[in-house]
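The next block holds one structure in the form of structure tokens; read it before the comments.
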Amino acid sequence: MSFSTVISGAMEGLRVELIRVEADVSNGLPVFHMVGYLSSEVKEASERVRTAIRNSGYSFPAKRTVINLAPATMRKRGASFDLPIAAAILVSLGEIDAVRVKDTLLIGELSLDGQVRKVPGILPVVMEAKKAGTGCCIVPAENAREAALVDGMKIAGVRNLRDTVDFLNGRKEIGFCTGRTDGMSRSASEENDFSQVRGQESVRRAAELAVAGGHNLLMIGPPGSGKTMTAKCIAGILPPLTEEESMEITKIYSVVGLLDEKEPLIRRRPFRSVHHTATKAALIGGGLIPRPGEISLAHGGVLFLDELPEFRKGVLEVLRQPLESHSIQLSRTCGNYSFPADFMLVAAMNPCPCGCYPDMERCTCTPAQIQAYIGRVSQAFLDRIDLCAESSRIGFEDLTGSRTAECSASIRDRVCRAREIQSQRYKGKIRTNSMLSGEDLKKYCELDQKGRNLMETAFTVMKMSARAYYRILRVARTAADLAGEEKIREEHLREAIGYRMVDRKYWGRQQT
């Protein structure tokens, strides 16, 4: 037969569309023509495919070869179409049985000698293939374990074009790969432990509240007071991932090509530490070919911004919308893209350029310098911070004392119990207290008369915005969950309000 069709897949952001790779090999002038709204790297596939077929031992006759990648309305990018194009041509030449490729998806890059190289984004493509009813996927051997994370799919990992042809013709058996393995639990030796953090009880408590309810945390204090170490310790008290969350995060990392070949399934919540020189595109994603940024790579985990005022103000401001919506929407001339961004923001900063304010005996900064420094963090950005904790200078007794601080394991147990309470309360509708809004806030954060009086006083004196008011309620709800209380009590509100006082101290007045 001169005409054949092979199924493959293409990525556009996180969206996958199945592609029909059509090949027609017929008599005529010897040309290799490719159509279907192709990028330059896809057009270059013609030379790679033709050379790979010949170097794999198959004849490539001097005929008119036309390749179409449908639908033509979607831009095709990358080198992942090499293998399906080669397979479609070989079907047209009679080298592969057309029946065997009917229910099979192929994807992979070819080298000139016919080797099949790995490509990014395999997991979402295989997931889409399963939805479409495809029975088998042929992928690069290096991507096989990743593809096999999708239950119910037959995954064949091939190393070269000849293996692919032999497998499709039934001349060679390739064992179907399984991707899920046990024993990938977190090792405590790989993490910092809260038992190593000396003093800073208020900061430790703020970190526990933040993780238990998924709240955003800002730590302010002099250099060397343990802010960065506390942030790193947060990774050790994050609750375990559910199977659904694990697959969701793995899918994002698959698109950007950051999965481990041997252990592709991500079972630990991400902790992304971003340098202050990061650009807007690096943080939120985008570019000419839209890709997830750091906030999406931190989905389900923690985004840590150290030395917060050193970030360019415009870079920080782009975080305001995703902190509210838990996703990022990017509009480009080629289309609109949506990436998940449900992360917990943890930030750390010095109170002034020298780091010693408000100790005026040691601080060498002028009031104008201090104001300019902390002014790099806008009130609108602060409005999206749930807890602001002050990290004081560590005393000699804290460093040398025999008292042992509570370890991460016991804190994590409390966090997991609080998260379980939230899971049972919201029943999958929302994940954490930080996501409460609208009627849910009224229903689950109801206050008694003492609580209402306290919040009324705090709202008036601190000149709170509505956003700040609701964030206090959410933190108080988390404090109650950690205490095992069904109702929010006055002490829970006082604690939540207390963590809104630190930013008032440094920024002068609360959000308006």
Side-chain angles (χ1 to χ4, degrees), residues 9-17 37-42 74-80 118-125 216-218 228 231 248-260 266 269-349 375-378 380-385:
M11 295 290 306
E12 193 169 31
L14 292 182
R15 185 175 68 88
V16 176
E17 186 160 340
Y37 197 19
L38 313 177
S39 64
S40 59
E41 61 266 28
V42 180
M74 181 181 185
R75 183 72 164 170
K76 321 300 187 308
R77 298 183 176 90
S80 61
K118 69 176 182 178
V119 293
I122 287 289
L123 181 60
V125 170
N216 302 318
L217 170 65
L218 172 63
T228 303
E248 188 178 9
I249 296 170
T250 304
K251 179 179 176 181
I252 298 171
Y253 277 70
S254 172
V255 171
V256 296
L258 292 179
L259 291 182
D260 188 337
I266 294 179
R269 293 187 182 273
F271 183 92
R272 304 291 297 183
S273 182
V274 182
H275 194 263
H276 63 262
T277 57
T279 62
K280 292 180 183 179
L283 204 59
I284 66 172
L288 181 62
I289 302 175
R291 288 163 55 91
E294 287 291 340
I295 62 173
S296 296
L297 294 175
H299 179 70
V302 173
L303 179 71
F304 177 47
L305 305 183
D306 204 359
E307 305 296 344
L308 188 65
E310 300 299 333
F311 284 81
R312 281 173 292 200
K313 192 168 184 178
V315 174
L316 292 181
E317 295 306 303
V318 299
L319 290 177
R320 287 160 52 181
Q321 182 264 335
L323 283 173
E324 290 288 333
S325 63
H326 306 291
S327 65
I328 179 69
Q329 312 295 326
L330 300 176
S331 297
R332 298 291 183 267
T333 54
C334 54
N336 297 320
Y337 303 86
S338 177
F339 299 128
D342 183 12
F343 61 94
M344 189 181 95
L345 177 66
V346 177
M349 61 176 286
R376 297 177 188 175
V377 182
S378 69
F381 183 85
L382 281 173
D383 211 11
R384 287 151 173 88
I385 299 295

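Owing to the predicted nature of the structure, the values given are computational and were not obtained by experimental measurement. Each residue takes its place number in the sequence, starting with 1.
- The two atoms that bring Ile252 and Leu14 nearest to each other are CG1-CD1, 4.4 Å, heavy atoms only.
- Ser296 and Pro340 get closest at one heavy-atom pair: OG-O, 2.9 Å.
- Here NE2 of His276 is found 9.5 Å from CZ of Arg312. Values are rounded to the nearest 0.5 Å.
- Residues Ala278 and Val315 come closest through the heavy atom pair O-CG2, 3.7 Å.
- The distance from the CZ atom of Arg320 to the OG atom of Ser378 is 5.5 Å, given to the nearest 0.5 Å.
- Atom-to-atom distance recorded for Phe339:CZ and Ile295:CD1 is 10.0 Å, nearest 0.5 angstrom.
- Comment: Glu12 does not engage Arg77 in a salt bridge, judged by the lack of any side-chain N to carboxylate O separation of less than 4.0 angstrom.
- How far CD1 of Ile328 is from OH of Tyr337: 14.5 Å, rounded to the nearest 0.5 Å.
- Contact between Ala231 and Phe271 at its shortest, heavy atoms only, is O-CE1, 3.2 Å.
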Practice problem: Decide yes or no on side chain to side chain contact (heavy atoms under 4.5 Å, CB included) for Phe304 and Thr228, but give the supporting numbers first. | Solution: CA-CA 9 Å; Phe304 177 47; Thr228 303; 4.1 Å; yes
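- Residues Arg332 and Gly286 approach most closely at NH2-CA, 3.7 Å, considering heavy atoms.
- Judged purely by atom type and a 3.5 angstrom limit, Arg291 has no side-chain atom pairing as donor or acceptor with the backbone of Gly285.
- The line from CD of Glu294 to CG of Leu319 is 11.0 Å long, rounded to the nearest 0.5 Å.
- Within the 3.5 Å criterion, the main-chain N or O of Lys76 finds a donor-acceptor partner in the side chain of Ser39.
- Annotation for Val125 and Gly9: closest pair CG1-CA, 4.1 Å, computed over non-hydrogen atoms.
- We find the CE-CD distance between Met349 and Glu310 to be 9.5 Å, quoted to the nearest 0.5 Å.
- Between Phe343 and Leu297 the shortest side-chain heavy-atom distance does not fall below 4.5 Å.
- Put simply, the side chain of Asn216 gets close to the backbone of Leu345: a donor and an acceptor are under 3.5 Å apart.
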Please evaluate residues Leu316 and Leu305 with respect to the criterion side chain to side chain contact (heavy atoms under 4.5 Å, CB included), reporting the C-alpha separation (whole Å), side-chain torsions for both, the decisive distance (0.1 Å), and the verdict.
CA-CA 10 Å; Leu316 292 181; Leu305 305 183; 4.0 Å; yes
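- Side-chain N/O atoms of Ser327 and Gln329 include a donor and acceptor closer than 3.5 Å.
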